[in-house]
Amino acid sequence: MLRAGGLVALPTETVYGLGANAEDPAAVARIFQVKGRPPSHPLIVHLGDAEQLDDWVQDVPAAARLLAERFWPGPLTLVLRRGSRVPLEATGGLETVAVRVPDHPVALALLSSFGSGVTAPSANRFGSVSPTTADHVRAELGDAVDFVLDGGPCEVGVESTIVDATGDAPSILRPGGVTREDLEAVLGCSLVVPSTSRVRVPGQHPSHYAPRARVVLVEPEKVVSEAELAQELGHQVGVFLPSAFADAPVKVQAVVTVPASMAAYARGLYGFLRDLDQHGCDLIIASLPVEDGLGLAIANRLRRAAGPRPTV
Ligand code: TXA
Ligand code: MG
């Protein structure tokens, strides 16, 4: 299917991707069309092993080598200088390219038998919640995707951490499955994480990862009262109930009790948002976790789910 220019949804450890042959500009163009994503938003090239890195990029700094060695296969994406093999269609016209080796047996089997790079954004419509099961992919994309490889639910549940490794000092463009603390421990220096409210790179709009329901963030101790008030005012309210309040009865449309473990929270996050949409909620009240470890990525996605929506 990939060789014929088709689109194949594939499981990764983070979220499901919508894959195409990275060297086939027409297939890459179809990804943008199917997702409804502006063509200026760059894609990630997925490789079967780290040895292929130099076939796709140029000038790999020592820090990037170190990170690739330590974290691949895994939820880390490195932005490096584009090699000539990467079509500009895949990079949104940029002279840099994002690359990663995913840690999922099905993805790795596909990549190794294909033998080349697969560009894959998350397999959702532009701006909406990323899919973490094959059913989510089918619900999002239906017949628009030629083949869905079902590899079960994704283990990590939030997207890869994106590190800009083009300069002397690597920086985090998107927090994700590899924690900032783990990166800093390997690099031996501290990393800058840009504020989520600023548009830093193409494809990083404030509203993203958003369910249909509007998401409102409040302090943890206000979640219950704000949710009940909104329900009384006529909203169909879904609640992300902080684990500290797990036993509180809440009179709203639907309740998700947030797992105390950040790994379990990350794994469940996108499914929870989808479930609350399914329950007919028009408003979701949630609070932010402590922003360390995986909590940083979870908070980033929640902020952006709550971000201003484009007016249609
Ligand atoms: O976990 C993941 O990274 C998943 C799985 C499928 O691998 N993929 C994913 O792809 O999240 P996508 O397209 O939804 O998000 C990739 C983001 C883009 O939105 C863009 O912000 C950033 O990667 N990106 C890609 N190429 C870039 C580049 N050359 N410079 C800066 N940012 C880049
Ligand atoms: Mg995405």
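Just so you know, these numbers use all the heavy atoms, side chains as well, and skip hydrogens, waters and symmetry mates. Indexing begins at 1, ligand by ligand and atom by atom, following the structure's order.
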Anything protein N, O or S sitting under 2.8 Å from the Mg ion (ligand 2): count it and give me the total. 1

Any ion pair linking R274 and E140 (charged N to carboxylate O, less than 4.0 Å)? yes

With nothing but distance in play, are any N or O atoms of K35 less than 3.5 Å from an N or O of ligand 1? no

Looking at S160, which atoms of ligand 1 are within less than 4.0 Å of one of its heavy atoms? 1 (O), 2 (C), 3 (O)

Enumerated ligand 1 atoms positioned under 4.0 Å from heavy atoms of R37: 12 (P), 13 (O), 14 (O), 18 (C), 19 (O)

Check E69 with R65, please: is the shortest side-chain N to carboxylate O separation under 4.0 Å? no

Taking salt bridge (Lys or Arg N to Asp or Glu O under 4.0 Å) as the definition, give me every residue that meets it alongside E221, ordered by chain and number, with sequence neighbours left out. none

Provide the number and element of each atom of ligand 1 under 4.0 Å from a heavy atom of L94. 28 (C), 29 (N), 30 (N)

Tell me, with the steps shown, if D135 and T133 meet side-chain hydrogen bond (donor to acceptor under 3.5 Å, both in side chains). CA-CA 5 Å; D135 280 344; T133 68; 5.2 Å; no

Holding to side chain to side chain contact (heavy atoms under 4.5 Å, CB included), I want the full list of residues that pass it with A263, two or more places apart in sequence or in another chain. S261, R267, L294

Contacts of R3 that satisfy salt bridge (Lys or Arg N to Asp or Glu O under 4.0 Å) - sequence neighbours left out: none

Hey, is ligand 1 close enough to S122 that some N/O pair sits below 3.5 Å? yes

Is the shortest distance from a Lys or Arg side-chain nitrogen in D24 or R30 to a carboxylate oxygen in the other one below 4.0 Å? no

At a non-hydrogen distance cut-off of under 4.0 Å, which region of I162 contacts ligand 1 (side chain, backbone, both, or neither)? side chain

Residue that, paired with E159, satisfies salt bridge (charged side-chain N to carboxylate O under 4.0 Å, His left out) out of R301, R174, R304, R100: R301

If we number the atoms of ligand 1 from 1 as shown, the ones under 4.0 Å from a heavy atom of L43 are 25 (C), 26 (N)

